[in-house]
Amino acid sequence: MRSRDPLRTLLALPTVDVARGLIGWRLERSDELRCVGRIVETEAYLSEGDGASHSARGRTARNAAMYLAAGHAYVYLIYGLHHCLNVVTAPDGVGEAVLIRGLEPLEGLDEMRARRGPHVTDRDLCRGPGRLCQALGMDRALDGHDLRRAPLRLIPPECRAVDQPAGEVLIGPRVGISKATDLPLRFRAAGSQWTS
DNA sequence: AGCAAGATTAGC
DNA sequence: CTAATCTTGCTA
């Protein structure tokens with residue numbers, strides 16, 4: 001079903017379904033310039049039974065944004081070097097989120113190249129959670145930001161229901177984690193060259 | 001107060 | 001394969 005407010009409809013679903021459903025949505029970064037990418041890879045991070053989640057041991061200063069109402073951004077710094085963007089899910093007070101792991105660059109490629117550096121191929125512009133944050137100029141200033149509004153906004157795919165991903169979605173275990181490595185919480189657009 | 005680990009990436 | 005780089009949260 002299509003709804004008047006696709007984002008609201010999607011975010012009402014369980015986190016795992018949001019992670020799957022976000023494949024095909026677009027992320028728009030409107031700074032001075034405009035950058036847009038299509039989400040092709042995500043991972044779900046849950047609040048219970050998920051040792052890999054930042055919320056596994058409850059609320060802390062870092063993960064506070066995970067406990068906001070669904071539709072906010074949770075942005076954190078990893079390895080002291082790279083930022084990672086999450087879409088907060090689940091009701092207010094429940095710490096769950098979806099990590100955005102890959103984007104297909106659609107608009108603002110020149111700006112992305114400028115931010116990523118001269119030796120980066122187009123395929124590597126937004127392939128990886130740290131890379132896409134650098135490409136779109138995202139950092140912790142956006143932690144807690146409402147993803148319904150500029151300068152960082154989720155845009156629904158056209159002509160399909162929010163719970164029906166565009167095309168086939170591959171499901172597998174999450175990568176880059178050391179706990180709960182076997183849960184099938186990673187989602188990728190099948191056949192996309194923009195995933196890792 | 002000190003310290004180890006981390007949802008990664010680039011370069012050798 | 002390893003270094004980079006620093007914040008966080010746990011332990012003492």
Side-chain angles (χ1 to χ4, degrees), chain A residues 14-23 25 27 35 37 39-68 70-90 94-105 112-145 147 152 154 169-189 192-196:
Chain A
T15 297
V16 173
D17 295 334
V18 177
R20 175 170 156 276
L22 275 174
I23 301 296
W25 281 61
L27 187 65
C35 294
I39 297 173
V40 294
E41 182 174 350
T42 63
E43 280 178 358
Y45 285 86
L46 310 178
S47 57
E48 288 184 23
D50 185 358
S53 175
H54 286 175
S55 62
R57 291 177 215 187
R59 185 178 191 147
T60 65
R62 176 179 67 162
N63 67 20
M66 286 184 81
Y67 292 80
L68 296 175
H72 290 261
Y74 166 44
V75 183
Y76 67 93
L77 183 67
I78 186 67
Y79 293 106
L81 297 168
H82 313 287
H83 294 277
C84 292
L85 169 71
N86 293 254
V87 176
V88 174
T89 57
V94 178
E96 303 198 345
V98 172
L99 173 69
I100 307 300
R101 287 194 61 90
L103 296 176
E104 172 184 345
M112 294 184 195
R113 294 187 189 105
R115 290 202 186 99
R116 291 277 293 124
H119 300 295
V120 175
T121 63
D122 281 2
R123 187 166 119 84
D124 283 347
L125 275 181
C126 300
R127 192 167 58 95
R131 290 167 176 167
L132 69 90
C133 278
Q134 186 180 32
L136 300 204
M138 302 185 291
D139 60 21
R140 280 175 300 176
L142 290 166
D143 189 40
H145 170 75
L147 291 170
L152 185 62
L154 283 169
V169 175
L170 305 178
I171 306 177
R174 295 173 296 184
V175 295
I177 55 176
S178 56
K179 300 163 191 162
T181 54
D182 49 346
L183 303 178
L185 297 178
R186 178 169 176 237
F187 302 87
R188 279 176 296 160
S192 173
Q193 65 165 310
W194 308 99
T195 67
S196 45

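All values below were derived from every heavy atom in this structure, side-chain atoms included, with hydrogens, water molecules and symmetry-related copies excluded. None of these values were measured; they are calculated from a predicted model. In what follows, chains are A, B, ... by sequence order, proteins preceding strands, each numbered from 1.
- In DNA chain C, stems built from 3 or more consecutive Watson-Crick or G-U wobble pairs, each with both distances under 3.5 Å, span B:1-6 with C:6-11, B:8-11 with C:1-4.
- Of all heavy-atom pairs between A/V40 and A/S192, the closest is CG1-OG, 3.8 Å.
- Residue A/R174 is classed as having no contact, given no heavy-atom separation below 4.0 Å to the nucleic acid.
- If you measure from atom CZ of A/R116 to atom C1' of B/dT9, you get 8 Å, rounded to the nearest angstrom.
- Put simply, the side chain of A/T181 does not reach to within 4.5 Å of the side chain of A/V175, judged on heavy atoms.
- Checked by atom type and distance alone, the side chain of A/N86 never pairs as donor or acceptor with a backbone atom of A/V88 at under 3.5 Å.
- Note: OH (A/Y74) to C1' (B/dG6) measures 11 Å, nearest angstrom.
- Following rounding to the nearest Å, A/L125 (CG) and B/dT9 (P) show an atom-to-atom distance of 13 Å.
- A/H145 places a side-chain N or O within 3.5 Å of a backbone atom of A/L152 that can act as its donor or acceptor partner.
- Residues from residues 78-86 of chain A that place a heavy atom under 4.0 Å from any atom of DNA chain C, listed by number: A/Y79, A/G80, A/L81.
- A side-chain donor from one of A/T15 and A/E96 sits under 3.5 Å from a side-chain acceptor of the other.
- A side-chain N or O of A/Q134 and one of A/R116 form a donor-acceptor pair less than 3.5 Å apart.
- Within 4.0 Å (heavy atoms only), A/R140 reaches sugar-phosphate atoms of the nucleic acid but no base atom.
- Comparing C/dT5 with B/dG2, their P atoms are spaced 23 Å from each other, to the whole Å.
- At distances below 3.5 Å, at least one donor-acceptor pair connects side-chain atoms of A/S53 with backbone N or O atoms of A/L46.
- When heavy atoms are screened at a 4.0 angstrom cut-off, A/I177 is found touching the sugar-phosphate backbone but no base atom.
- The separation between A/R127 atom CZ and B/dT8 atom C1' is 13 Å, rounded to whole Å.
- Residues A/E43 and A/R174 are not paired through a salt bridge, judged by the lack of any N-O separation under 4.0 Å between the basic side chain and the carboxylate.
- Here the P atom of nucleotide B/dG11 and the CG atom of A/D124 are 11 Å apart, to the nearest Å.
- Listed for the A/Y74 side chain is no donor-acceptor partner under 3.5 Å among the backbone atoms of A/D143.
- Residue contacts for A/H54: at a heavy-atom cut-off of 4.0 Å it reaches a base atom on one of the strands shown.
- Distance noted for atom P between C/dT2 and B/dA5: 16 Å (whole Å).
- Residue order along DNA chain C, read from the 5' end via each residue's closest nucleotide, puts A/L77 first among A/R57 and A/L77.
- In this structure, A/E41 places its CD atom 10 Å from P of B/dT8, rounding to the nearest Å.
- Taking atom OH of residue A/Y45 and atom P of nucleotide B/dG6, one finds them 12 Å apart after rounding to whole Å.
- Residue A/S178 places at least one side-chain N or O closer than 4.0 Å to OP1 or OP2 of B/dG6.
- Rounding to whole angstrom units, CZ of residue A/R186 and P of B/dT8 are separated by 10 Å.
- Under the 6.0 Å cut-off for aromatic ring centres, A/H54 and A/Y76 qualify, their centroids lying closer than that.
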